[in-house]
Each structure stands twice: as C-alpha cells, then as structure tokens.
Amino acid sequence: MSFFESHWVLTVLLLLPLAGAVACLFAGKDEAKHVALVTSIAAFLLSLPLFWVFREGTPAIQNYVSIPWIGQWGIAYTVGVDGISLLMVLLTTFIMPMAILGSYSYIKRQEPTYYAMLLLLMTAMIGVFIALDMFLFFLFWELMLIPMYFIIGVWGGERRIYAAIKFFLFTAVGSLLMLVAIVTLVYLYYRQYGVVTFAYNDLVELPVTRSAQFWLFSAFALAFAIKVPLFPVHTWLPDAHVEAPTAGSVILAGVLLKMGTYGFLRFAMPFFAYAATSDVVVYTILTLSLIGIVYGAWVAAVQPDAKKLVAYTSVAHLGFVMLGLFALTSESIQGGILQMVNHGISTGALFLLIGMLYERRHTRLIEDFGGIAKVMPFFAFAFVVVALSSIGLPGTNGFVGEFLILIGTFRTHPVAAVIAATGVVFAAAYMLPMVQRVLYGPVEDEENRELTDIGLRERIVLLPALAMIVLIGVYPGPFLEKTSASVDALLQQIEMRASQAPLEPLGTDVRFDHMPILGVDED
Amino acid sequence: MLSLPLLLQEAHAAYEPILPAWILLLPLIGAVVNGVGAFNWRGNKAIPSIVGPAAVIGAFAIVVVNFLAMRAAAPHDPAIVSLWTWMSAGDLRIGVDLQFDQLSMLMLLVVTGVSSVIHVYSVGYMREDPGYSRYFAYLNLFVFFMLILVLGANFAITFVGWEGVGLCSYLLIGFWYENREFASAGKKAFIVNRIGDFGFLVAMFLVFVHFGTLNYETVFAAAPAALAYGGAVVTAITLFLFLGCTGKSAQIPLYVWLPDAMAGPTPVSALIHAATMVTAGVYLVARTSVLFAMAPVSQAVVAAVGAGTALLAATIATQQYDIKKVLAYSTVSQLGYMFVAVGIGAYTAGIFHLMTHAFFKALLFLGSGAVIHAMHHAYHEVHSHEDPNDMRNQGGLRRFMPITFATMWIGTLAISGIFPLAGFFSKDEIIWYTGAYGYGILWGIALVAALLTAGYMTRLMVMTFHGENRTGADAEPHLHEVPAVMWIPLAILAVLSIVGGWVNIPDALPVLPAVHALHDWLHPVFEPARGILEAHGLHDAHSSPIGGGEAMWAGISTVAAAVVIILTFRALVHRTWKPAADSTEPTGLAGVLYNKWYVDELYDRTIVLPLLALWRGCWRIVDAGLIDGSINGLAAGTRAVGWIGSLFQTGRVATYMFYFVTGVLVILATFLL
C-alpha cells in the first residue's frame with residue numbers, strides 16, 4: 001500500500017499543521033506568516049494526490065486505520081475518508097493557503113500566535129472530517145472552538161469580544177448536548193452488547209429504539225444546526241463574520257459551517273435514521289431550510305455592511321445545502337455536498353475580496369464605495385465573477401450545486417423546491433445591488449480615487465478560487481463521481497435502518513450494517 | 001447488395017455537423033483575447049478591431065458551410081453532437097450536447113449573420129470609447145452564449161445560454177457603469193429576467209420528474225404518450241416555460257426592463273435587445289412546440305399575452321421622444337406578434353417574423369445609432385450637454401445623413417408592412433393566420449397594432465430626419481454622415497430588409513410566384529407539433545373572421561399602413577417641436593402614454609417598496625429584535641442572577657460567619673421540628 005493509500009497521509013495531514021503551529025510560535029514576527037504559508041501549501045500538496053488515488057465507485061472508507069488509544073473505554077485513533085469527507089478535507093487544505101496568504105498585510109500584531117492559531121485550527125478541522133471515533137471527533141470538534149475564539153476575540157474588529165463570546169456560547173451549548181448524546185449512545189451500546197466503544201463503525205450498527213432516536217437526534221441536530229447555521233440559531237454568524245479578521249471569515253464560511261452539514265450526513269442521519277427520515281423531522285428541517293434560503297436572502301438584501309451581507313448569504317446558501325440533504329434523494333444530497341464545496345470557495349473568495357477593500361479603506365459600509373471598477377479593474381473583474389458564482393449563474397460552480405439540490409428536492413418535495421427556487425431571484429436581488437453600489441457609479445469619495453488595484457499577491461490569492469469556480473461550473477464530473485457511491489450507500493442505509501428501527505431494545509444478535517472499510521470488508 | 005439510389009439516400013440522410021465546436025469556440029476565444037486586452041493593452045484599438053469581428057465572422061462562415069451541407073442532406077432528424085457529460089448524479093444525466101436541426105440552423109444563420117454586421121459597425125461606433133476592448137469582450141461573449149442557447153440539445157444547456165446572454169446583456173446595458181442610471185438599468189434587467197428564469201427552472205424540474213431526462217428529442221418523442229393532452233402537467237410545464245419567455249423576450253408582465261436597457265451602447269441594443277437575445281423566448285416556444293401544442297390553455301395564454309403586449313407597447317411608442325425608446329417599445333410590440341404566431345400554432349410564421357425583424361430592427365437601431373453618433377459628435381464639438389437621443393433635438397437630419405436617412409426609411413417601410421418589403425410578408429402571415437385560425441379578437445388587436453406601428457415609425461422618421469433642424473445653430477455645422485464602416489452595415493441590412501421576406505410568399509397572392517422555402521425548411525421541426533394541433537381540431541378557415549381571403553386582407557393592411565404613413569407624415573412634417581430643454585411634459589392621454597401607463601411606478605409601489613419594507617422588518621424586528629433580543633436578554637438575565645449572587649460575596653469574614661451560623665440553625669431547625 002502506497003503512502004497515499006495508507007492512513008499515513010491523513011496522519012501527516014493532522015500533524016503537519018500542528019508542527020507548523022509550533023514552528024510559528026518560535027518564528028520571528030515577520031517569519032511566522034511564511035512558515036504558516038509554506039506549511040499550509042505543503043499540506044495542500046500532500047492532500048492533493050488523494051483526489052486521484054481515491055477509489056471511486058465504492059462507498060468504502062479508505063486510508064483507514066484504527067489504533068487503540070484508551071483501551072478500557074474503547075477509544076481509538078480511528079481515521080479514514082470516504083467520498084464525502086475526502087472533498088471536505090480537500091476543501092480545507094485548499095482554503096487554508098488562501099486564508100493565510102490573504103492575511104499577510106491584514107494582520108499586524110502578534111503574528112506568531114495568530115498564524116499558530118490558524119494552523120491549529122487547520123489540524124482540528126481536518127481531524128473533524130477524518131475522525132471515525134466519536135471521542136476523537138468530539139475532541140477535534142471542541143478543539144476548533146478555541147483557536148477560532150481567539151482569532152475573532154483578539155484580531156477582530158470593534159465588537160470582537162461580543163462576537164467571540166456569542167460564537168463560543170452558541171457553539172458550546174450545542175456541543176454539550178451532543179456530548180451527552182454521544183455518551184448516551186455509548187452507554188446504550190454497552191447495555192446491548194456489553195462492550196464499551198466509541199468507534200463510529202460500532203455505534204452506527206446499534207439499533208436505537210424509535211423513541212430514543214428522537215431525543216438523541218435532537219441533541220446532535222441542535223449542535224449541527226447551530227454550526228450550519230439554520231434559522232433561528234443563525235444570529236451568531238453575522239456578528240462573528242463581521243468582527244472576525246478576513247482569514248477568520250474565510251475559514252468560518254469556507255470550512256467551519258460545513259462541519260454542521262457534514263455532521264448531519266456523517267452522524268445524525270445514519271445513527272438515527274428513523275428519526276431523521278420521520279415526517280416531523282424532515283418537515284421541520286425543510287421548513288427551517290426554506291426560511292433560511294428566503295429569509296437569509298431578504299435580510300442580506302438590506303444590509304448596509306458588505307461583510308454582514310455576505311454573512312447572511314451564507315444562511316441562504318447553507319439553507320440550500322440542508323434542503324438537499326433532507327430531501328433524501330441522490331441528486332439533492334450530491335448537490336448538497338458539492339454546494340458545500342462551492343460555498344466554501346465562492347464565499348471564501350467574497351470575504352477575501354471584501355477584506356482587500358477593507359485593508360485599503362478601513363470600512364466595509366457599502367455606501368462608502370462606488371465607482372471602484374474604475375480605479376480597481378482587476379478587483380472588479382474578480383468581484384463580479386465571484387458574485388455570479390454566489391448567485392448561481394450557469395457556467396459557475398454555484399449553479400451545478402443549486403440545480404442538483406433543487407431538481408432532486410423536486411422529486412420528493414416539489415413545493416419546497418419551488419419555494420427554494422425563488423431564492424434564485426432573491427439572490428440576484430441582494431448581490432447585484434451590492435455589486436452596483438460598490439463597483440459602479442461615479443467615484444465620489446476622494447479617498448476611493450487613490451485606491452490601487454489588487455497586486456500580485458492578492459491575485460495569487462484569488463486565482464485558485466476563480467479557476468475552481470469555472471472548473472466546477474463547467475466540468476463537475478470528477479467531484480460528483482467522488483461522492484456518488486458514498487451517497488447512494490448512505491441513502492440505502494438510512495432507508496433500511498429507518499424501516500428496521502425497533503420499538504423496544506433488541507437482543508444482542510441484531511445489528512445494522514456498518515460502513516465498509518477498503519481492504520478489510522471488501523476488495 | 002445495396003442499390004445505388006438507396007446508397008445515395010443514405011448519404012443524403014447523413015448530415016454531420018462540420019466543426020461544430022468551433023462555432024462556439026471562435027466567439028469564446030474572441031471574448032478571452034479581448035478580455036485579456038481590456039486589462040493589458042487597453043490603448044490598443046487594432047487587436048479588438050480585428051479579433052472582435054473576425055471571431056464572429058469566422059463562426060458565421062462555419063455556419064454557412066453547415067447550412068449548405070444540411071440543405072444538401074435534408075435530414076429529417078436532428079444531428080446531436082455530444083461534447084462531454086456536464087452533470088451526472090442519481091438518475092440525472094445532463095450532457096453538453098448540441099443539436100443541429102433546421103430550426104437551430106436558421107437561428108445560427110440569423111445570429112451569426114446579424115452579429116457579424118453589428119460587430120463591424122461597432123468598430124466605427126465604439127472606436128473612441130476607452131472601454132473598446134472590454135466592449136468586444138462582452139459582445140463576443142454574448143455571441144458565444146447566444147449560440148449555446150440556440151444549439152442546446154436539452155433544456156439545461158439552453159438554460160446555460162439563456163442566463164449567459166442575460167449576463168452579457170447586464171454587462172452591456174451597464175457598459176458605461178460610471179453612470180449610475182445605466183448601471184441600475186443593467187441590474188433591473190438581470191433581476192427581472194431572473195424572475196423569468198425561475199419559471200424556466202421549475203419547468204425543467206417538472207420535465208425531469210415526468211420524463212427522467214432533459215433531452216429535447218427524448219422528451220418530445222415521449223410527451224404525447226406520457227402526458228395527457230391539455231392536462232395539468234403539460235400546462236404547468238409550458239406556462240412556467242412561458243414565464244421564462246416573458247422575462248427574456250420582454251412580454252407582459254416582465255417587459256419593463258427592455259426600455260431601460262437602451263442605456264447600453266446602440267449596437268448592443270440592435271444586437272441583443274432587438275435582433276437576437278430578446279427573440280430567445282420565441283425560439284424556446286418554437287423549440288418546445290410539441291409541449292405547447294399539447295396545452296391549449298398555455299397556447300391561448302401565449303397568444304393573448306403576445307397580442308396584449310403588441311398593442312400596449314405600440315401605444316407607448318407613439319409618445320416617446322427618445323429615439324431608442326421608440327424603437328425599444330417597437331421591439332416589445334413586434335415580439336408580441338411573434339408570440340401571437342407561436343401561440344396560435346403558426347410556428348413558421350413566428351420564426352419568419354423573428355428573422356425579418358432581426359433584419360429591419362437591427363437596421364433601425366443601427367440607423368438610430370448613426371444619428372446618435374452624429375448628434376453626440378456635434379454636441380461634443382460645442383461642449384453642449386443636450387440629449388443627443390431626444391428627437392426633439394434632431395429634425396432635418398436628412399440633409400446631413402442621406403444614407404442613414406434612406407436606409408432607415410427602408411426599415412420603417414419594412415416594419416410597417418409595406419409591400420414588397422420583408423415585414424409585409426412576415427407580419428401579414430401572422431395576422432392572417434390569427435384570423436384564419438379563429439382568434440378573432442387577437443386578429444383585431446394585431447391589425448390595430450400594425451397601424452400604430454406605421455404611425456409611430458413615421459413619427460420617428462419625421463421628427464428625426466424631416467422638417468427643420470433643432471440641434472442648435474452652433475452644433476448644426478458639425479453634423480455629418482457616419483463613416484463607411486458604419487453605413488455599409490446599414491446598407492447590407494437594408495437589402496435584407498427588402499428581400500428577406502421573399503423566402504416565403506403565400507400562394508394566395510396574385511401575380512407573385514408562391515415560395516415555400518422557409519415552410520419547407522422548417523417542416524421537419526414543426527411537423528410533430530402541427531400533427532398534434534391538427535389532430536385536436538386546428539382549423540384553417542381560409543378566411544378572416546369577418547370574411548375576405550388572404551390576398552384581400554394583405555392588400556387592405558398594406559394600403560392601410562401606407563395611408564397611416566402618409567397621414568402621419570403630412571400631419572407632422574410641418575409641425576415645430578421645441579428642443580427638449582424647452583419642452584414641458586405632455587399632459588392628458590399623451591402624458592399617460594409618455595409615462596408608459598405608469599407601470600414602472602405601479603410595480604415600485606405595489607411590489608418593490610413593500611418588499612424592501614418587509615426585508616428591513618425581517619432584519620430589524622425578527623433578527624435583531626426577536627432572536628438576538630431574547631438571546632441577549634438571556635445573557636442579561638444570567639448576568640443579573642450572577643450579580644445578585646455576588647452581593648452575598650462581601651469578602652468580610654463576619655458576613656460569612658453570619659451565613660454559616662444561619663445555615664447551621666436552619667439545618668438544626670429542620671431536624672428538630
């Protein structure tokens with residue numbers, strides 16, 4: 001087994017940013033950013049071959065390893081990827097160099113700590129996506145919180161303390177309930193089979209009674225819904241985005257929000273398939289997603305602050321993703337996963353662009369700009385492309401994701417799909433006025449007349465995003481192929497588990513199927 | 001052994017598209033080169049001047065070769081070129097597939113042909129503009145998307161072109177983005193079009209759910225068996241599609257963006273907002289004619305909306321003073337005619353008018369561009385800020401611009417339906433079939449709108465070219481004819497506006513030979529839909545609703561149009577207009593028409609402003625008030641409890657002793673009592 005087929009690539013991906021973080025702390029004030037950039041690029045290059053080495057057409061977990069860690073509690077270092085987590089890992093490693101290079105001139109104090117925080121965050125994020133042990137997962141999940149809290153609270157804007165605490169409290173509340181649910185799940189498993197285990201593949205086999213499923217699902221769902229964020233637990237997001245430094249916003253929108261949708265896919269839905277597919281849950285989540293899509297767009301349209309506007313568009317976009325997941329069709333879930341990637345790229349790029357403006361003018365108010373296209377033509381070009389991707393113009397990545405979500409959703413919930421499709425109109429209604437007010441019109445503010453167009457470093461930051469926007473928009477095949485087997489298997493499992501979910505606890509001989517592991521269960 | 005005739009027949013049937021991808025690639029390459037140029041060699045006029053038109057003329061050349069090949073082969077079925085798989089997930093598979101059939105071929109000819117002419121014209125019109133390279137980048141990109149729209153072999157690929165041309169329209173309307181109003185017009189066009197695109201999307205979802213595919217051929221072949229004639233599903237699909245058409249092709253209720261779109265450079269108005277993009281809706285109805293033919297309700301809606309739009313826009317056109325606004329409303333009105341045609345099932349007539357309209361409306365717009373070019377130049381020379389577009393500032397231009405004058409009159413006569421120009425044949429065919437198929441009211445509306453057309457076009461010509469010049473004594477000497485690079489395109493289009501109608505001459509007309517070239521050409525495409533219509537009682541009465549044959553009514557309508565032209569001319573030619581700056585807004589009915597029936601104001605009051613208020617309410621009341629209020633309240637409550645608790649923490653030993661003793665006493669008391 002080559003390096004890229006083994007767990008080592010994942011393990012090194014976890015350790016490399018960690019080592020980089022330590023190196024940053026010891027690096028000088030001016031060197032830290034270079035250390036961070038090199039580390040993140042190395043991690044990206046390391047992760048890239050996974051895209052080709054990964055075997056399509058099988059839902060099996062690949063690059064798998066399970067090394068006992070705390071034996072008596074059944075806790076192990078278990079990692080691996082399937083098609084879904086693969087894309088999330090690559091999204092993370094793709095976004096991080098952009099976020100770091102985008103911070104070069106933005107962060108002007110305590111750089112070593114800042115870049116160490118970013119890299120620590122990177123380890124935690126990758127960990128969340130590859131962990132297949134619930135203890136390990138929860139560890140990474142909580143670990144994410146700490147660097148993000150400091151990134152917002154220390155390097156953020158004026159109301160950074162309020163935003164950081166709000167972010168922390170919202171997320172922590174959800175996490176606590178999830179922890180209780182995890183422990184309960186482990187306990188139920190123990191009661192059933194007499195074994196203590198935190199292994200994902202064991203716990204997923206447990207037939208949880210229908211009534212218990214609702215409680216446990218709710219606990220998981222709340223944690224993930226806050227992260228997504230679903231209406232009405234979304235209000236931490238605009239504040240966090242507005243106050244966070246550019247890189248913080250990029251990572252928040254680019255990766256962190258996907259933890260929520262990924263959590264639903266990986267944990268909440270397969271663990272508690274009966275609850276997740278029950279009418280009450282499906283209709284609740286679809287309704288909240290629709291509110292997110294429509295309401296998020298509405299509120300975005302009247303924001304005076306460009307960054308807050310983009311923050312609210314995230315509520316709308318992630319509403320699309322949630323809609324796709326809970327429409328429970330192959331098309332819509334695959335669209336949802338692709339849209340997670342798309343949103344990361346497009347919204348990440350939007351935050352980078354707004355950050356570039358902020359660095360020049362120290363304002364994010366839309367009304368302070370106007371006529372920017374005249375003085376910053378390349379910036380304007382990039383801004384328009386990214387904006388079009390965000391509103392899902394065909395030919396850009398955003399369309400492919402939204403279209404698959406909508407057309408899949410229409411199969412099972414046509415009314416919901418039609419309501420969601422109105423979001424397409426509202427998207428134009430929030431994005432184009434901002435584009436117009438920032439880029440077009442006469443240059444009225446004297447300060448804006450002096451602005452310089454984005455330079456080489458900033459172009460390098462943006463170009464990968466622009467390239468991916470078009471590439472995924474025109475040729476999404478390679479990305480969809482990664483997820484199709486995983487999604488189909490997931491749908492089958494959910495359907496089967498939902499129909500077999502017991503009313504009473506069952507005997508020890510009944511188990512659901514787990515996720516196959518490449519090299520162990522098949523092949 | 002195969003016989004020779006059979007072999008020949010086989011060779012006949014085999015039409016293979018020649019260099020199909022290059023038809024798309026050439027304009028795309030042009031767009032990229034000019035786009036790079038817009039950043040890197042902005043001062044260079046030579047590269048865009050060559051690359052821009054060459055990219056489109058090259059595509060036109062390939063199209064012509066393909067047309068000849070297709071004509072020789074006369075294939076019955078479309079040729080599909082599959083490039084790659086675009087999306088594949090679950091049961092959905094969408095390929096990047098191009099469809100070459102007689103309909104798309106005709107559209108290719110019109111689009112690349114008219115585009116070529118307008119690109120050449122643009123070299124003259126836009127040469128002085130600092131955004132010259134960017135202009136050609138957008139214009140090439142537009143052609144690229146328009147060709148995708150036309151060539152798409154499934155709904156999704158058509159939709160790519162559909163939204164792509166919308167994007168280019170947005171970019172070109174707001175081309176002079178430093179003008180806030182122009183930028184707003186672009187934005188309005190995009191958002192209004194998106195409302196239509198929503199309909200297109202929903203139609204696609206319905207098609208996919210009921211057919212499992214979005215491919216035209218499969219859907220159309222399966223539709224008659226899979227869906228009930230006149231049923232809810234096919235009616236819903238077609239009505240949602242038509243919602244898309246009302247956006248893209250500027251019909252009631254979504255036409256409001258097109259007049260504002262005149263903010264773009266005039267060649268753009270000619271190409272996008274007259275000849276090609278705005279006809280996409282007509283093309284879509286024709287393309288999906290099988291579905292529309294199965295939905296009589298939708299057909300009636302299409303025809304009625306078309307007729308209503310034709311009349312409404314024509315009334316507004318009579319009282320506009322901006323030369324481009326007149327032409328814009330004229331376009332809306334003429335598009336209405338095309339929808340009447342495809343709505344009643346006269347598909348060839350609709351496409352016929354689409355084609356001739358592309359010629360004479362492009363001519364009229366380019367002519368108005370020549371006028372504006374001259375006016376702008378004259379005003380520029382004397383540093384005047386008068387509006388060069390306002391016809392009240394023009395007048396008497398025939399003396400300065402004889403070629404523009406002559407060609408625009410040709411366009412005017414053509415659009416008015418004067419024999420034997422192009423518009424006579426195409427418009428007459430629409431009006432005739434509207435009556436002969438039994439749509440009496442629509443027939444009457446179409447006739448009235450035709451007379452209005454003759455009227456407002458004559459008014460435009462008189463105000464612009466006849467009478468005394470009102471440009472101003474100092475600016476007048478600077479008026480002059482446009483250069484050859486601009487008037488040669490006018491001449492080409494003028495010729496087409498004359499002869500363009502001769503591809504389809506009805507049997508009924510005396511003296512003239514009957515020509516069915518267009519009918520025969522499009523026959524394979526519309527055969528299935530016509531079959532459905534005829535099976536369900538489409539009846540050609542061979543007479544108008546109030547009697548009389550085709551020849552008679554053709555005669556009546558052309559004579560009536562001629563009379564209107566003469567009367568309007570005589571009424572207006574000696575009238576004196578004050579220059580725009582000295583004029584007051586018209587009052588009475590003229591004022592209502594001048595203000596476009598106040599539809600924009602109505603939309604603002606009843607839709608835009610209430611929505612914005614609702615959105616603000618969502619933000620201020622729900623988000624900031626309810627949700628954050630309760631969360632911050634929770635935080636404040638927690639803090640308050642903490643503060644009360646902290647009151648007990650005085651830090652003095654005596655206090656704690658007091659608590660301790662009290663506590664012990666309470667415990668003891670509970671045990672003892």
Side-chain angles (χ1 to χ4, degrees), chain A residues 166 169-170 232-235 238 295 298-299 301-303 329-332 334-335 370-371 373-374 377-378 381 384 388 391 393-395 399-400 403-404 406-408 410-411 414 417-418 421-422 424-425 427-429 432-433 435-436 439-443 474-477 480-481 484 487-488, chain B residues 35 38-39 42 84-92 94 96 134 145 156-157 159-164 166-167 170-171 174 177-180 182-184 186-187 190-191 193-195 197-198 201-202 204-206 208-209 611-612 614-616 618-620 622-624 626-628 631-632 635:
Chain A
K166 200 170 177 182
L169 286 183
F170 263 82
V233 286
H234 64 282
T235 58
Y295 174 93
W298 288 0
V299 178
V302 290
Q303 293 304 314
T329 66
S330 182
E331 294 90 352
S332 68
Q334 277 191 262
K374 187 80 183 166
F378 191 86
F381 166 73
V384 169
L388 293 172
I391 66 174
L393 192 88
F399 177 73
V400 180
F403 185 75
L404 288 175
L406 289 174
I407 210 164
F410 194 86
R411 304 184 77 168
V418 171
T422 63
V424 170
V425 181
L432 293 185
V435 168
Q436 183 191 354
L439 298 182
Y440 304 149
V443 187
V474 176
Y475 189 53
L480 292 173
E481 281 155 20
S484 75
V487 168
D488 287 341
Chain B
F39 290 113
R42 209 184 297 189
W84 70 86
T85 300
W86 187 24
M87 292 182 210
S88 177
D91 300 328
L92 179 74
I94 299 173
V96 181
R134 180 166 59 94
F145 278 121
I157 297 297
F159 189 72
V160 173
W162 188 269
E163 283 231 316
L167 163 70
Y170 161 77
L171 292 171
Y177 57 81
E178 284 164 82
N179 183 319
R180 200 169 277 143
F182 292 4
S184 290
K187 179 186 70 185
F190 199 109
I191 294 174
N193 265 290
R194 272 252 156 159
I195 299 173
D197 296 352
F198 158 79
L201 277 174
V202 175
M204 280 198 276
F205 304 156
L206 282 164
F208 175 64
V209 168
L611 270 183
L612 281 175
L614 171 69
W615 298 354
R616 288 216 175 79
C618 280
W619 175 33
R620 294 283 185 204
V622 181
D623 239 54
L626 278 175
I627 300 175
D628 263 3
I631 281 160
N632 290 338

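Quick note on labels: first sequence line is chain A, next is B, and so on, each numbered from 1. If you're wondering where the values come from, they're calculated on a predicted model, not measured in any experiment.
- The contact between A:Leu432 and chain B is made by backbone and side chain atoms together, counting heavy-atom distances below 4.5 Å.
- With a 4.5 Å cut-off on side-chain heavy atoms, B:Thr85 and A:Tyr475 do not count as touching.
- Proximity to chain A is absent for every atom of B:Leu626, based on heavy atoms less than 4.5 angstrom apart.
- Note on ring orientation: taking the six-membered ring where Trp is involved, the planes of B:Trp86 and A:Phe399 are parallel (angle under 30°, cut-offs 30° and 60°).
- Comparing B:Leu614, B:Asp91, B:Val209, B:Val96 by heavy-atom pairs within less than 4.5 Å of chain A, the highest count is held by B:Asp91.
- Contacts between B:Leu92 and chain A at a heavy-atom distance below 4.5 Å involve backbone atoms as well as side-chain atoms.
- Residue B:Asn193: no heavy atom, backbone or side chain, is found under 4.5 Å from chain A.
- Between A:Val418 and B:Phe198, the closest heavy-atom pair is O-CE1, 3.4 Å.
- Atom CD1 of A:Ile391 is separated from atom CZ of B:Arg194 by 4.5 Å, given to the nearest 0.5 angstrom.
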A:Arg411 and B:Phe208: side chain to side chain contact (heavy atoms under 4.5 Å, CB included), yes or no, with the steps? CA-CA 9 Å; A:Arg411 304 184 77 168; B:Phe208 175 64; 3.9 Å; yes

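- Only the side chain of B:Leu201 has a heavy atom closer than 4.5 Å to any heavy atom of chain A.
- Comparing A:Leu406, A:Val443, A:Asp488 by how many heavy-atom pairs each has under 4.5 Å with chain B, the most go to A:Leu406.
- For the options B:Val622, B:Asp628, B:Leu171, heavy-atom pairs under 4.5 Å to chain A are most numerous at B:Asp628.
- With a 4.5 Å cut-off on non-hydrogen atoms, A:Thr422 touches chain B through its backbone and its side chain both.
- In this structure the side chain of B:Trp615 reaches within 4.5 angstrom of the side chain of A:Val302, judged on heavy atoms.
- Ring centroids of B:Phe159 and A:Phe403 are separated by 6.0 Å or more, keeping the two rings apart.
- The ring of B:Phe182 has its center no closer than 6.0 angstrom to the ring center of A:Tyr440.
- B:Val160 touches chain A through backbone and side chain together, each having a heavy atom under 4.5 Å away.
- You'll find the side chain of B:Tyr177 stays beyond 4.5 Å of the side chain of A:Val435, heavy atoms only.
- Across A:Gln436 and B:Lys187, no two heavy atoms sit closer than the pair OE1-NZ, 2.9 Å.
- Interface summary for chain B: among A:Gly477, A:Gly395, A:Pro377, the most heavy-atom pairs under 4.5 angstrom belong to A:Pro377.
- Scanning all heavy atoms of the two residues, the minimum distance from B:Ala89 to A:Leu404 falls at CB-CD2, 4.1 Å.
- Across A:Ala421, A:Ser330, A:Gly408, A:Gly335, the residue that shares the most heavy-atom pairs under 4.5 angstrom with chain B is A:Ala421.
- At distances below 3.5 Å, at least one donor-acceptor pair connects side-chain atoms of B:Trp84 with backbone N or O atoms of A:Val474.
- Annotation: the span from A:Lys166 atom NZ to B:Ile631 atom CD1 amounts to 6.5 Å, rounded to 0.5 Å.
- Annotation: the span from B:Met87 atom CE to A:Leu480 atom CG amounts to 8.5 Å, rounded to 0.5 Å.
- With rounding to the nearest 0.5 Å, the separation of CZ in B:Arg616 from CD in A:Gln303 is 10.0 Å.
- Residue A:Glu331 touches chain B through both its backbone and its side chain, counting heavy-atom pairs closer than 4.5 Å.
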Report task. Tell me, with the steps shown, if A:Tyr295 and B:Asp623 meet side-chain hydrogen bond (donor to acceptor under 3.5 Å, both in side chains). Result -> CA-CA 10 Å; A:Tyr295 174 93; B:Asp623 239 54; 2.4 Å; yes

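- Considering every non-hydrogen atom in both B:Cys618 and A:Val299, the closest pair reads CB-CG2, 3.8 Å.
- Chain B forms more heavy-atom pairs under 4.5 Å with one residue of A:Ala417, A:Ala301, A:Ser484, A:Ala428 than with any other, namely A:Ala428.
- With a 4.5 angstrom heavy-atom cutoff, A:Leu388 touches chain B only via side-chain atoms.
- With rounding to the nearest 0.5 Å, the separation of CG in A:Leu393 from CZ in B:Phe190 is 5.5 Å.
- Looking at A:Pro433, both its backbone and its side chain come within 4.5 Å of chain B, counting heavy atoms on both sides.
- Ring-centre distance between B:Phe39 and A:Phe378: below the 6.0 Å cut-off.
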